[in-house]
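Note that the numbering runs from 1 along the sequence shown for the chain.
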Amino acid sequence: MKLTINKKEHSFEGNKTLAQILKENPDINGDKRYLVAKINNELKDLNTIPVENDMIELLDFSSDEGRAIYWHSSSHILAMAVMRLFKDTRLGIGPSIENGFYYDFLVEKPFTVDDLKKIEKEMKRIVRENIFFVKKDVSKEQAKEILSKNNEELKLELIDELEGDISIYENNEFFDLCKGPHLPSTGYVRAIKLLHVAGAYWKGDEKNQMLSRIYGVSFPDKEMLKEHLHNLEEAKKRDHRKLGKQLGIYSLFEKAGSGLAFWHPNGTTILETIERFWKDEHIRRGYELVRTPHIAKAELWDTSGHLSYYRDNMYIFNMDKEEYVIKPMNCPGHILIYNTKIHSYRDLPIRYAELGTVYRYERSGTMHGLLRVRGFTQDDAHIFCTPEQLENELDKTFDFAIFIIESFGYEKYTIELSMCDPDNMDKYAGTTEEWTFAEKTLRTILDKKNVPYKEIPGEAVFYGPKIDIKLHDAIGNKWQGPTIQFDFNLPRRFNVTYIGSDNQEHLVYMIHRALLGSLERFVGGLIEHYAGKFPLWLAPKQVSIMTVTEETVEYAKEIADTLRKNDIRIFEDYRNEKIGYKIRESENNLYPYMLIIGAKEKENDSVSVRIKGEGDLGSMKIDDLIIRLKNEIDLKK
C-alpha cells in the first residue's frame with residue numbers, strides 16, 4: 001500500500017525526520033506499518049528530513065520497493081549476527097531477492113545447520129535491541145581506511161569498482177558498504193527465519209573463491225512467515241525435478257552433458273500435445289510456420305551483432321576452415337527468409353513462427369532442472385509490419401498471449417512494461433522518436449485492455465521496449481511468461497524493408513514475441529503448477545485400465561482398442577496383482593481416470609470409473625465415457 005503526504009498540507013513542524021513524524025502520528029503509521037519513502041520519486045530512508053514542497057509516498061510491505069528494503073535490511077541483521085558469533089568472517093554481499101534475502105560470507109569452513117540455529121537466535125536478539133540504521137556518506141579513501149582495518153578484502157574489491165563518494169550504514173558496532181535505503185531500525189523486523197546455506201562463487205565466477213551463502217526470509221508478522229514456510233514445503237512437494245523423475249517425464253545425464261534434457265515417452269507426449277495446440281492456434285491467427293537450421297556461419301551472427309554481444313554464451317566450432325555457430329536464437333533465420341524477396345506494404349503484416357531448438361552456454365552453477373538449461377526450444381515468432389499496422393498487431397498479440405496462458409490454467413499474472421532510460425538514449429538502437437512511438441503504442445494497448453501494469457524505466461534491452469507477463473502458479477510463485485518486444489536493431493543490420501505506398505523503401509517494424517518462452521522451462525512450471533496432476537488434455541496417460549481377474553483381460557483389451565481409436569491415451573495394467581495395489585499405483589502415477597474391469601463390468605458391457613482425487617463415479621458404458629472424456633479435453637479443464 002502507498003500513502004501520499006505533503007509536509008505543507010500536514011503542517012509538520014520543525015526539522016523532523018519522516019520516522020519522527022510518523023511516530024507522532026500513530027493513526028498514519030500504526031504498528032510501524034510504513035517502511036520507506038519515495039520523496040519526489042526517489043527512494044529514501046524514513047530518517048530523511050522532508051522539506052516543505054516534497055511530495056512523499058510512504059511504502060509498506062505490500063509494495064515491491066517496501067519488501068525489497070525490508071529484506072535488504074534483514075540481510076544486514078544477518079551479517080551483524082554472523083560477525084558477532086564468527087569474528088574472523090569476511091563480508092561479501094547481501095541483497096534482497098524475489099522471496100527473501102541472502103548474505104555471502106568468506107569463512108574457513110562452511111556454516112552448518114547448527115550454526116544457522118545460533119545465527120537466527122542472535123538475529124532475533126538484534127531485532128529486540130531495536131538498533132538504528134545510520135547512514136554516513138564518506139569518501140572512497142575513508143571507506144578504504146575503515147574496511148582495511150577489518151581486513152574486508154571483498155568489500156575493498158567492490159570499492160575499487162565504484163566512482164565518487166560512497167555511503168556506509170552503521171548499526172552500533174557493525175557497518176556495511178551500502179547505498180541503502182534501509183528501515184529506520186532493526187525492530188521493524190518482526191518474524192525472521194534462516195532457510196538454508198549453500199556455496200556460491202564470489203561474483204558468480206567459478207574462477208573466484210567459494211563463499212558460504214545463507215538464505216533467509218522475514219515478514220512484518222508471524223502469520224505471514226507461517227504461510228510462507230507452508231508454501232515452501234508445498235513447493236518441495238511440487239519440485240519439478242522430483243516429480244519429473246517420479247512421473248517419467250525427463251532425465252538429465254551428466255554423461256551426455258549438463259543442461260541437456262532427455263524427454264521420456266511421458267514427457268514427449270506432453271511436449272507434442274503443447275506443440276500441436278500451439279501450431280493449430282498460430283495457423284488460425286494467420287501465422288506461417290517456418291524452420292531454420294541448427295547451425296549457421298559465424299558471419300550471420302556477426303551481422304546480427306550476437307557474436308560480439310553474446311560470444312561467451314555461444315557454442316562455436318570450425319569446419320572447412322570456416323567458423324560456425326550452433327543457433328542461440330531464431331531471429332536471424334526468420335529475417336533471411338523474409339529477405340528472399342521484395343515486399344510491398346500490401347504483403348504486410350507477415351508473421352513467421354517457429355518452435356526452434358537453440359543452445360546457449362550457461363555456467364554449471366546456474367543450471368536448475370528444466371528451468372535453466374543449455375539446450376531448449378523457443379516458441380519464437382516475428383511479425384514484420386508497417387507503423388500503421390503496429391497497434392493492431394500488438395493488440396492481437398496481447399490477446400493471443402492471454403488466451404494461451406489461460407488455456408494452460410494460469411488465472412493470475414502481472415504485467416510489466418520495460419522502457420528505455422530517457423537520460424541515456426545513446427546506449428539504445430533506434431531513434432528517440434521511434435522509442436517514443438513504440439512505448440506509446442505498448443502503453444496504449446495495455447490501457448485499452450484495462451489491465452494493471454507496472455512501467456519500469458531503464459529495464460528495456462538495447463534493441464527495444466517490451467511487455468513481460470509473469471505467471472502466478474497455484475502457490476503464488478512467479479514464472480516468466482509471454483514476452484512481446486520491439487526490435488529497432490535487426491531491421492537496420494539486415495536492411496529488412498518493404499516498399500511503401502509512396503514507392504519508397506522503408507524499414508519494417510519488427511516485433512519479437514514468445515508466448516511460452518522456453519518449452520523446457522514452461523513444462524517445468526506446469527509440473528509445479530499442477531503438482532504433476534495435469535488436466536486431462538495434457539496428461540501423458542489419460543486413462544488407466546486395470547483388470548480384477550485374468551478372465552477379464554480380453555474384454556479390457558477391447559476397451560483399450562476403443563479408447564485408442566478415439567485418441568485417448570491409455571495405460572494398461574493386466575498384471576496378476578490385487579486391484580487395491582493397482583489402484584494405489586495409478587494414484588501415485590497421477591492418472592486422471594481409472595477404469596476397473598471385473599466380471600460384473602464384462603457381463604454388463606461397461607466399465608467402473610474412478611477419478612483421481614474424486615473417487616468412484618460408478619459404472620458407465622464406454623461410449624458415454626468417451627463423450628465425457630472428449631468434452632473435458634475440449635474444455636481443457
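Summarising the local packing, NZ of Lys327 is surrounded by more than 12 heavy atoms from other residues, nucleotides or ligands at distances under 6.0 Å. With a 6.0 Å radius and a threshold of 12 heavy atoms from other residues, nucleotides or ligands, Lys297 has its NZ atom at or below the threshold. Counting heavy-atom neighbours within 6.0 Å of Leu635 CG, excluding the residue itself, gives a total above 12. Heavy atoms of other residues, nucleotides or ligands lying less than 6.0 angstrom from NZ of Lys636 number more than 12. Other residues, nucleotides and ligands place more than 12 heavy atoms under 6.0 Å from the CD atom of Glu323. Atom NZ of Lys440 has 12 or fewer neighbouring heavy atoms from other residues, nucleotides or ligands inside a 6.0 Å radius. With a 6.0 Å radius and a threshold of 12 heavy atoms from other residues, nucleotides or ligands, Arg291 has its CZ atom at or below the threshold. Residue Glu406 places its CD atom among more than 12 non-hydrogen atoms of other residues, nucleotides or ligands, all under 6.0 Å distant.
The pair Glu434-Arg492 counts as a salt bridge, with a side-chain nitrogen and a carboxylate oxygen less than 4.0 angstrom apart. With respect to Asp399 and Lys449, a salt bridge is recorded, a charged nitrogen being found less than 4.0 Å from a carboxylate O. A salt bridge is absent between Lys135 and Asp45; no separation between the charged side-chain nitrogens and carboxylate oxygens falls under 4.0 Å.
In summary, the side chains of Thr483 and Asp468 do present a donor paired with an acceptor at a separation below 3.5 Å, with no hydrogens or angles considered.
Applying the ring-ring contact (aromatic ring centres under 6.0 Å, His included) rule to pairs touching residues 411-431 yields Tyr428-Trp435, sequence neighbours excluded.
The OG atom of Ser218 sits 9.5 Å away from the NE2 atom of His228 when rounded to the nearest 0.5 Å. Distance CD/Gln389 to CG/Leu394: 11.5 Å, rounded to 0.5 Å. With values rounded to the nearest 0.5 angstrom, Leu526 atom CG is found 11.5 Å from His240 atom NE2. Separation of atoms CD1 (Ile295) and CD1 (Ile316) is listed at 13.0 Å; rounding is to 0.5 Å. We find the CG-CZ distance between Leu516 and Phe522 to be 5.0 Å, quoted to the nearest 0.5 Å. With rounding to the nearest 0.5 Å, the separation of OH in Tyr324 from NE2 in His294 is 16.0 Å.
The shortest heavy-atom contact between Lys38 and Glu65 is NZ-OE2, 3.0 Å. Heavy atoms only, all atoms of each residue included: Cys420 and Glu439 are closest at N-OE2, 2.8 Å. Closest heavy-atom contact between Thr17 and Leu46: CB-O, 3.7 Å. Residue Leu471 comes nearest to Pro482 through the heavy atom pair CD2-CD, 4.2 Å, listed as atom of the first residue, atom of the second, then distance. Heavy-atom minimum distance, Leu18 versus Ala37: CD1-CB, 3.6 Å. Between Ser304 and Leu490, the shortest heavy-atom distance links the atoms O-CD2, 3.5 Å.
Less than 6.0 angstrom separates the ring centroid of Phe61 from the ring centroid of Trp71. Taking the six-membered ring wherever Trp is involved, the centroid distance between the rings of His72 and Phe101 does not fall below 6.0 Å. Side-chain rings of Phe408 and Phe277 approach one another, their centers coming within less than 6.0 Å.
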Is there a side-chain hydrogen bond (donor to acceptor under 3.5 Å, both in side chains) between Thr292 and Glu354 once you walk through the steps? CA-CA 8 Å; Thr292 56; Glu354 177 181 16; 3.0 Å; yes
Please report the C-alpha distance between Thr303 and Phe494 in whole Å, then the side-chain angles of each, then the deciding distance to 0.1 Å, and finally whether the side chain to side chain contact (heavy atoms under 4.5 Å, CB included) criterion is met. CA-CA 7 Å; Thr303 302; Phe494 284 93; 3.7 Å; yes
Arg351 vs Glu393, side chain to side chain contact (heavy atoms under 4.5 Å, CB included): CA-CA, chis, key distance, verdict: CA-CA 10 Å; Arg351 309 177 190 96; Glu393 287 303 306; 2.9 Å; yes
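The side-chain tip of Arg493 does not point at the ring of Tyr463 from less than 6.0 angstrom away and within 45° of straight on.
Taking the six-membered ring where tryptophan is involved, the planes of Tyr338 and Phe384 are essentially parallel, since the angle between them stays under 30° and well short of 60°.
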If you look only at distance, which donor and acceptor atoms sit under 3.5 Å apart when one is on a side chain in residues 452-462 and the other is two or more places apart or in another chain?
unit_1, atom_1, unit_2, atom_2, d
Tyr453, OH, Asp447, OD1, 2.8
Lys454, NZ, Asp64, OD2, 3.1
Glu455, OE2, Arg443, NE, 2.7

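Two residues are said to be in side-chain contact when any heavy atoms from C-beta on lie closer than 4.5 Å; Arg285 and Lys396 fail this criterion.
Shown are Phe534, Trp479, Tyr410; of these, the ring-ring contact (aromatic ring centres under 6.0 Å, His included) with His529 is made only by Tyr410.
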